[in-house]
Amino acid sequence: MTENDRLLLNAYIDGELDPAHVLEFEQRLAADRPLADERARIEALRGAMRERLPRATASPELRRRVAAVARPRRFAIDWGARRGLGTMAASIVVAFAVGSAATYLAIRGDRGEPELLVSSHMRALMASQPVEVASSDRHAVKPWFNGKLPQSPRVIDLAAQGFPLVGGRIDVIGLTPAPTLVYRARQHVISLTALPVSLRARGPLRPIDGYNVVEWTDGSLAYWAVSDLAAPELENFAKAFRAGDAEP
Amino acid sequence: MDRGDSRTRFANVVIPHLDDAYGLARWVTGNRADAEDVVQEACLRAFRGIGGFTGGNGRAWVLTIVRNAAYDWLRKNRPPAVVHVDDLDAVERMRSAEDAAPAGDNPEAALIARADEVKLEAAIASLPAIFRETLVLRDVQGLEYREIATITDVPIGTVMSRLARARRRVIDMLGAHR
């Protein structure tokens with residue numbers, strides 16, 4: 001096996017091989033026994049790493065230390081004549097706000113749907129689980145929404161397209177409770193929220209703090225997808241979802 | 001950018017990737033306490049430099065800073081650990097991988113698939129730092145080649161070569177220690 005074959009094999013396994021060369025490489029794999037054996041070993045290693053190496057989680061102590069990094073050294077709030085009780089209240093509010101990133105996000109005002117959806121997505125990522133109902137079975141996820149919201153979203157199985165379903169949760173966007181489906185793309189999480197069509201995008205969408213946002217409408221619902229997945233891949237997800245069949 | 005804006009952006013851009021940041025630091029330093037120090041230092045740098053983040057891939061931006069902080073830590077505290085490509089060359093010259101690969105119905109793959117967590121961690125931990133980080137970024141944290149290239153500041157070709165060699169080395173170790 002040449003060095004070049006080895007690089008191609010790894011790129012093929014990682015899905016990084018140029019599509020034009022995939023077919024050609026698969027034909028070689030079928031004919032070349034040592035190459036196929038090496039593929040089996042690499043796949044075995046990847047599988048073992050995926051299954052047995054737990055993803056690290058930052059301890060609460062580390063989160064506290066990191067929050068302290070961004071803690072203000074003096075409070076720049078001008079409370080004017082409102083001293084005494086007012087000053088004490090201000091300190092409590094500021095300390096509370098910087099004590100938790102999620103809380104801090106929650107108290108920022110004046111934002112549109114894209115920002116609200118991105119902050120819901122981030123809040124979900126910070127929680128121990130990004131879902132309230134964890135299931136890759138759409139027949140388990142859809143009924144869960146049925147009991148809680150007047151309108152439940154389409155739940156589509158996209159595992160074959162590389163986007164396995166993780167589960168669902170309910171986000172509150174502004175004052176609107178909204179069903180959110182959670183899908184995965186490799187290690188990336190995608191939040192897909194269904195809002196009333198009145199809350200559709202009002203202009204072109206830009207990335208917000210590194211998260212891409214895609215929106216489309218389907219009947220009376222506006223679907224919003226948020227993820228740190230690259231923009232073309234998130235578009236592919238949207239395309240797959242729109243093309244997907246919700247039945248049976 | 002005033003401090004309030006910095007705090008908001010820090011909360012939006014850095015905090016969501018704290019688990020990944022800690023994971024990378026843990027693999028580079030090899031232990032929890034040092035990894036936490038590295039992450040704290042990296043977050044301090046990220047907070048100071050948050051005005052320079054122009055949007056795009058927040059995770060790659062954060063991991064780049066963590067990686068640099070981790071290497072500064074390694075250089076200071078474990079100078080022998082910062083080794084380069086030549087070191088693995090020497091290891092590889094000692095054996096010839098092709099000859100050792102068994103023919104037949106691939107019992108080695110089955111052996112690797114069954115490797116337990118302790119063996120797996122030990123094999124990965126024994127890799128030189130630059131190979132270890134490439135393998136971990138790809139197979140533990142699930143990043144793409146171009147993201148790994150950005151974070152480790154090398155061309156994609158180098159990422160491919162490091163990844164291929166890191167995997168080969170780990171496979172060797174898991175296949176040999178039966």
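Order of the sequence lines sets the chain letters (A, B, ...), proteins ahead of strands, with each chain counted from 1. The analysis underlying the following values was restricted to heavy atoms, covering all of them including side chains, and did not include hydrogens, waters or symmetry mates. The structure displayed is predicted, hence computed values, not measured ones.
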Practice problem: Say whether, by atom type as modelled, one donor and one acceptor occur between the side chain of B/E133 and the main chain of B/R67 under 3.5 angstrom. | Solution: no
Quiz prompt | Residue pair A/S191, A/R169: steps toward the side-chain hydrogen bond (donor to acceptor under 3.5 Å, both in side chains) verdict | solution = CA-CA 9 Å; A/S191 290; A/R169 62 172 189 269; 2.9 Å; yes
Quiz item: Between A/R63 and chain B, which part of the residue has a heavy atom less than 4.5 Å away: side chain, backbone, both or neither?
Solution: both
Practice problem: Would you indicate whether B/D116, at its atom CG, is surrounded by more than 12 heavy atoms from other residues, nucleotides or ligands within a distance under 6.0 Å? | Solution: yes
Practice problem: May I ask you to say whether B/D72 pairs ionically with B/R45, meaning some side-chain N is under 4.0 Å from a carboxylate O? | Solution: yes
Quiz item: Is A/R123 salt-bridged to A/D171, going by a charged N under 4.0 Å from an acidic O?
Solution: no
Quiz item: When rounded to the nearest 0.5 angstrom, what is the spacing between CG in A/D228 and CG in A/L125?
Solution: 7.5 Å
Exercise. Would you mind telling me which of A/A11, A/P207, A/G47 has the largest number of heavy-atom pairs within less than 4.5 Å of chain B?
Key: A/A11
Quiz prompt | Engaged part of B/D37 at the chain A interface, taking heavy atoms whose separation is under 4.5 Å | solution = both
Quiz item: What option among A/H121, A/H188, A/R65 has the most heavy-atom pairs under 4.5 Å with chain B?
Solution: A/R65
Quiz item: Contact part of B/I156 toward chain A, heavy-atom cut-off under 4.5 Å: side chain, backbone, both or neither?
Solution: neither
Quiz item: Which residue out of B/T54, B/L135, B/N57 racks up the most heavy-atom pairs below 4.5 Å with chain A?
Solution: B/L135
Quiz item: Any idea which of B/V14, B/L24, B/V39 has the most non-hydrogen atom pairs under 4.5 angstrom with chain A?
Solution: B/V39
Practice problem: Mind checking the CZ-CG spacing from B/R162 to B/L127? Nearest 0.5 Å is all I need. | Solution: 12.5 Å
Exercise. State, without any angle test, whether A/T57 and B/D19 hold a side-chain donor-acceptor pair at a distance under 3.5 Å.
Key: no
Quiz item: What residue in A/N212, A/N10, A/D14, A/L9 has the most heavy-atom pairs under 4.5 Å with chain B?
Solution: A/D14
Quiz item: Counting a contact as any heavy-atom pair under 4.5 Å apart, which residues of residues 139-151 of chain B contact chain A?
Solution: B/D139, B/V140, B/Q141, B/G142, B/E144, B/Y145, B/R146, B/E147
Practice problem: Measure the acute angle between the ring planes of B/F53 and B/W61, then classify it against the limits of 30° and 60° as parallel, tilted or perpendicular. | Solution: tilted
Quiz prompt | Most chain B-contacting option - heavy-atom pairs closer than 4.5 Å, from A/E43, A/R186, A/E3, A/R46 | solution = A/R46
Quiz item: Contact part of B/R138 toward chain A, heavy-atom cut-off under 4.5 Å: side chain, backbone, both or neither?
Solution: side chain
Quiz item: Between A/D37 and A/R41, is there a side-chain N and carboxylate O pair less than 4.0 Å apart?
Solution: no
Self-check item: Test of ring centre spacing under 6.0 Å for A/Y183 and A/F163
Solution: no
Quiz item: B/W27 versus chain A, heavy atoms under 4.5 Å apart: side chain, backbone, both or neither?
Solution: side chain
Practice problem: Could you tell me which of A/V118, A/I42, A/L45 has the largest number of non-hydrogen atom pairs under 4.5 Å with chain B? | Solution: A/L45
Quiz item: If you look at every heavy atom in A/S227 and A/L234, which pair is closest and at what distance?
Solution: CB-CD1, 3.9 Å
Quiz item: Distance from A/L117 atom CG to A/E215 atom CD, nearest 0.5 Å?
Solution: 9.5 Å
Practice problem: Identify which part of B/R167 has an atom lying under 4.5 Å from any heavy atom of chain A, answering side chain, backbone, both or neither. | Solution: both
Quiz item: Out of B/M160, B/R59, B/E36, B/E121, which one racks up the most heavy-atom pairs below 4.5 Å with chain A?
Solution: B/E36
